[in-house]
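For reference, the structure discussed in these notes is given below.
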There are 2 protein chains.
Amino acid sequence: MSDQTEAEFLATYDPTAYPPTGITVDLVLLTIIDGNLSVLLVKRAGHPYKGKWAIPGGFVEHDEGLDDAALRELQEETGTELFSGHIEQLGAYGKPSRDPRFRIVSIAYVAFFPEPGNPIAGSDAAEARYWPVDMIDRDMLAFDHGTIIDDAIERARAKLEYTTHATAFLPYEFTIGQLRRVYETVWGVDIEPANFRRKVLSTFRLEEAGGSLGLGRLYALPALTENLYPPFYRETTQ
Amino acid sequence: MSDQTEAEFLATYDPTAYPPTGITVDLVLLTIIDGNLSVLLVKRAGHPYKGKWAIPGGFVEHDEGLDDAALRELQEETGTELFSGHIEQLGAYGKPSRDPRFRIVSIAYVAFFPEPGNPIAGSDAAEARYWPVDMIDRDMLAFDHGTIIDDAIERARAKLEYTTHATAFLPYEFTIGQLRRVYETVWGVDIEPANFRRKVLSTFRLEEAGGSLGLGRLYALPALTENLYPPFYRETTQ
DNA sequence: ATAATAGTGTCTTTTAGACAATATCAC
DNA sequence: GTGATATTGTCTAAAAGACACTATTAT
């Protein structure tokens, strides 16, 4: 049995003979609120981990793709019909003991998006709020969500280095100063404005949006306009 | 139902009421053979996709972590007790239609390791061989394995840029020239030997192993020796 | 000895970073 | 006007890249 191929295994596999396994998607929703990188957490109303905070998520429907489930959850949690941000798959978390009730494998996603107008995300009666990541203590979190959040933040920091996804934290039109503050917030560093400006203008291929906000001129990522409409922007595989 | 929280959902969720979902791990085993980046494929003996080639994989045992399942499969496929290479999680693939029989979510892993002595990996009766990635046609592959392989190669190319995992394609001791050829093979470019040497010596923190191979001196990654023993090297989460 | 690769030296180009100076806007 | 931020300019330091040259080894 241990050295048979997948083909042989599948041919003889009886799904109903195995204990059930659940598949969920969990979302690390990252945004910058008042200059703090923040993540949306939902307070658990029931056991297990009653009273602890969890990242939002839910089961994947039986005929639903993983990305589709993540986008559905995203819409439910942020209450936005049109999501103007970036979402990508973070990874699968499947330690057998991660849920005390039965085996659940979670596919985690991480999303970046602009500061939401309403402080509390849509959703329902359960308490939900954005937490600055610096204020989150591992003991307050349910399941392995501390690990998932840590991985998501690390992913975010890495992605800003070699993509233009920092713009996902901002509205479609933004100033170079706003973009610099995104980097400073996520990376926790100070960046020299003059050098940052030159670097961004030479690598991001921004187009001038015409107007200005405060002191700075407004720019936009050309590609972003194409991603305003469902099925949104995806770089992950289903 | 669509706006209840995960907590509420789980509390009322009856696992047996849903159609079964299978969890597999699939492995993209990458190595360099005769100067070609190659991937291990297994010819499928049964339906579906009978006669097509698939990456090796298998079901995750019910009490087994994802990484553990991947390492078990790795050992079965490569036949090595001690794996001297690098393995990391690639991502989850869960399009509902990806397996025609029933819903299977696959957690894909990608591994880099030195050219194996025996051309055909251990395993069993099924035909298995390493294919140069340039010779792989999408039509010869089963399931969505073409997509998974493409993603794995992209991951490999990206990882060489900002990690030392290129050394995973080589034995513990290697020359700078061998390491350069890894980069040239995976990236499909020519690299200037003099500049490459300086770059690697200034960033990899290699230690001289003492001997020489052919023309070049032998070097080794200091950290690698710690990773010779189970549970091997892991950077992925469970 | 010859050919091929390893390794060193040196120069040029590019990029990153520090910092002064000016411009513009909110108040 | 004052203070803060944006923007441009300029200089220095570091990194990347091109390429000549020497050293070593397999044949």
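In what follows, chains are A, B, ... by sequence order, proteins preceding strands, each numbered from 1.
Between the CD atom of E161(A) and the P atom of dA16(C) there is a distance of 10 Å, given to the nearest Å. Computed from coordinates, the L218(B) CG to dA6(C) P distance equals 12 Å when rounded to whole Å.
For the 3.5 Å distance criterion, the side chains of D151(B) and Y93(B) qualify, holding a donor opposite an acceptor.
Here the two rings, on Y219(B) and F174(B), have centers that are 6.0 Å apart or farther.
Interface remark: the R198(A) side chain does not form any donor-acceptor pair with the dT14(C) base, using a distance-only criterion of under 3.5 Å.
Of the listed nucleotides (dG9(C), dT8(D), dA6(D)), dG9(C) has the atom at the smallest distance from the side chain of A194(B). In the set dA18(C), dG9(C), dT24(C), dT24(C) carries the atom at the smallest distance from any side-chain atom of L215(A). Listed nucleotides dT7(D), dA6(C), dC19(C) differ in distance to R180(B); the shortest reach to its side chain belongs to dA6(C). Distance from the side chain of K199(A) is smallest to dA16(C) among dT8(D), dC19(D), dA16(C). Here dG7(C) is the nucleotide among dA6(C), dG7(C), dT7(D) with the atom lying nearest to any side-chain atom of R197(B).
Along DNA chain C, the nucleotide nearest to G216(B) and the one nearest to E192(A) differ in position, and the one closer to the 5' end is contacted by G216(B). If T175(B) and N195(B) are placed on DNA chain C by their nearest nucleotide, the residue sitting closer to the 5' end is T175(B).
In this structure, S202(A) contributes its side chain and V200(A) its backbone to no donor-acceptor pair below 3.5 Å.
Salt-bridge formation is detected for the pair R138(A)/D150(A): a Lys NZ or Arg NE/NH1/NH2 atom is positioned less than 4.0 Å from an Asp or Glu carboxylate oxygen.
R217(A) comes within 4.0 angstrom of the backbone, heavy atoms only, and of no base.
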